[in-house]
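Worksheet for the structure shown next.
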Amino acid sequence: MTPASGPCKNSPMDSSSSLIDPFVGPFTSDWPWASSLPGARLVAARFDPDRFDEPNVGPLPFERGSIALPPRLHGAIAKRRAEYVAGRLCARRALRLLDGRDATPSMNEDRSPCWPAGCVGAITHSDGWAAALVAHRQTYQGVGLDAERLLNEEQARRLATRVLTAEEIVRMRALPPSSVGLMVSTTFSLKESLFKALYPLVGRMFHFPAAELMAWHGIGPVRLRLLEDLGNGWTVGREVTGMVCLLEDRVLSLVALPASAADRD
């Protein structure tokens with residue numbers, strides 16, 4: 001699993017996306033969380049996988065919206081190819097907002113995004129919606145971003161034993177039924193964001209039991225605590241901060257790992 005000012009709020013939608021590729025857009029850089037993340041940039045867009053295989057607007061057979069598909073995706077279904085291109089288009093625009101650079105993250109061998117030098121970022125997509133979050137490495141060691149469809153109570157209880165720790169299950173069982181779907185969806189999404197933020201730093205896979213939500217207060221700022229030693233200084237008990245919000249019918253979470261003084265030097 002160059003410093004910029006604070007994140008853009010209430011930015012207008014960018015209707016020029018239709019000039020790039022009609023299957024995606026418009027783009028927006030609205031900030032959906034209640035708290036800002038200084039120095040970070042977010043770009044999101046809707047996309048239509050069913051339109052991905054319409055006549056290509058790119059000059060190359062495996063290019064769409066000026067985004068080249070990696071060879072391993074050449075034979076993938078349209079949905080997977082559309083997710084990749086939509087996410088990269090968001091990432092490219094977010095990097096441009098960050099410091100004006102014209103860059104697009106490629107794909108590493110482990111399928112994670114390969115961000116340009118000096119940058120960290122994360123990409124997510126969910127049911128025809130994609131987003132990318134980027135920042136400078138001198139400000140954040142890593143960032144994670146994840147979108148998940150909001151689960152109903154039945155779906156959440158089925159997923160709980162895979163996602164929640166024993167302590168988190170105790171908290172879930174104390175909730176009214178109407179809150180179970182939100183609690184499990186949020187915990188799932190936050191742990192996905194944590195993985196995206198930490199994986200480039202520790203260089204190893206880890207799973208849901210490796211971290212725990214310290215308390216459940218609903219939507220808003222959160223703290224997670226590591227329950228496993230992941231290496232590279234990320235030890236049991238270390239805490240990280242995150243944020244979660246509801247955006248239409250999905251949970252959107254982020255985790256940010258501030259850079260240390262040594263990282264900023």
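Predicted model only: the values in this text are computed from it and were never measured.
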List the atom of Ala197, the atom of Pro200, and the distance in Å for their closest heavy-atom pair. O-CD, 3.7 Å
Ala147 to Trp129 - nearest heavy-atom pair and separation: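 Reported closest heavy-atom pair: CB-CZ3, 3.7 Å.
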Contacts of type side chain to side chain contact (heavy atoms under 4.5 Å, CB included), residue [X], not counting sequence neighbours:
X      : value
Thr235 : Asp229
Pro105 : Arg88, Ala91, Leu95, Pro113, Trp115, Ile123
Asp48  : Asp50, Arg51
Ser193 : Asp146, Ser253, Val255

Between [X] and [Y], is there a donor-acceptor pair closer than 3.5 Å when you use the side chain of the first and the backbone of the second?
X      : Y      : result
Arg171 : Leu213 : yes
Gln141 : Pro258 : yes
Trp33  : Leu252 : yes
Ser126 : Glu148 : no
Thr187 : Met183 : yes

Can you name the residues that form a side chain to side chain donor-acceptor pair (under 3.5 Å) with Glu168, not counting sequence neighbours?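 Glu168 satisfies side chain to side chain donor-acceptor pair (under 3.5 Å) with Thr165, Lys191 once adjacent residues are dropped.
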For Arg162, enumerate each residue passing the salt bridge (charged side-chain N to carboxylate O under 4.0 Å, His left out) test, keeping only those at least two apart in sequence or located in another chain. none
State which residues pass salt bridge (charged side-chain N to carboxylate O under 4.0 Å, His left out) with Arg173; sequence neighbours excluded, sorted by chain then number. none
Rounded distance [0.5 Å steps], [atom1] in [X] versus [atom2] in [Y]:
X      : Y      : atom1 : atom2 : value
Leu198 : Leu224 : CG    : CG    : 10.0 Å
Leu98  : Leu42  : CG    : CG    : 12.0 Å
Lys79  : Asp127 : NZ    : CG    : 7.0 Å
Thr161 : Ile169 : OG1   : CD1   : 6.5 Å
Arg157 : Met172 : CZ    : CE    : 5.0 Å

Considering only residues two or more places apart or on different chains, which pairs with a residue in residues 218-245 satisfy ring pair (Phe, Tyr, Trp, His ring centres under 6.0 Å)?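 Every pair satisfying ring pair (Phe, Tyr, Trp, His ring centres under 6.0 Å) with a residue in residues 218-245: there are none.
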Going by the ring pair (Phe, Tyr, Trp, His ring centres under 6.0 Å) test, which pairs reach into residues 68-108, not counting sequence neighbours?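 Those involving residues 68-108 are Phe62-His74.
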So, is the end of the Arg93 side chain (NZ or CZ) under 6.0 Å from the ring centre of Phe27 and within 45° of the ring's axis? yes
Taking only residues at least two apart or on different chains, which pairs with a member in residues 113-126 satisfy salt bridge (charged side-chain N to carboxylate O under 4.0 Å, His left out)? none
Going by salt bridge (charged side-chain N to carboxylate O under 4.0 Å, His left out), name the pairs with one or both residues in residues 110-124, residues two or more places apart or in two chains.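 Non-adjacent pairs meeting salt bridge (charged side-chain N to carboxylate O under 4.0 Å, His left out): zero.
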Transitively linked via ILVMFWY side-chain contacts under 4.5 Å: Val202 with Met205?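 Yes; Met205 is reachable from Val202 via cluster members.
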Please tell me whether Leu227 and Phe188 are part of a single hydrophobic cluster in this structure, the criterion being side-chain heavy atoms less than 4.5 Å apart. no
For a quick test of your reading: what N or O donor-acceptor pairs under 3.5 Å do the side chains of residues 239-250 make, sequence neighbours left out?
| unit_1 | atom_1 | unit_2 | atom_2 | d |
| --- | --- | --- | --- | --- |
| Glu239 | OE1 | Arg223 | NE | 3.0 |
| Glu239 | OE1 | Arg223 | NH2 | 3.1 |
| Glu248 | OE1 | Arg46 | NH2 | 2.3 |
| Glu248 | OE2 | Arg46 | NH2 | 2.8 |
| Asp249 | OD2 | Arg149 | NH1 | 2.4 |
| Asp249 | OD2 | Arg149 | NH2 | 3.3 |

For a 4.5 angstrom cut-off between non-hydrogen side-chain atoms, does Val85 reach Phe23?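 SC-SC contact between Val85 and Phe23 confirmed.
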So do the side chains of Pro177 and Glu153 get within less than 4.5 Å of each other, counting heavy atoms only? yes
Using a strict 4.0 Å threshold on nitrogen-to-oxygen distance, state whether Glu192 and Lys196 make a salt bridge.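 Looking at Lys196 together with Glu192, the answer is no, because their closest N to O distance does not fall below 4.0 Å.
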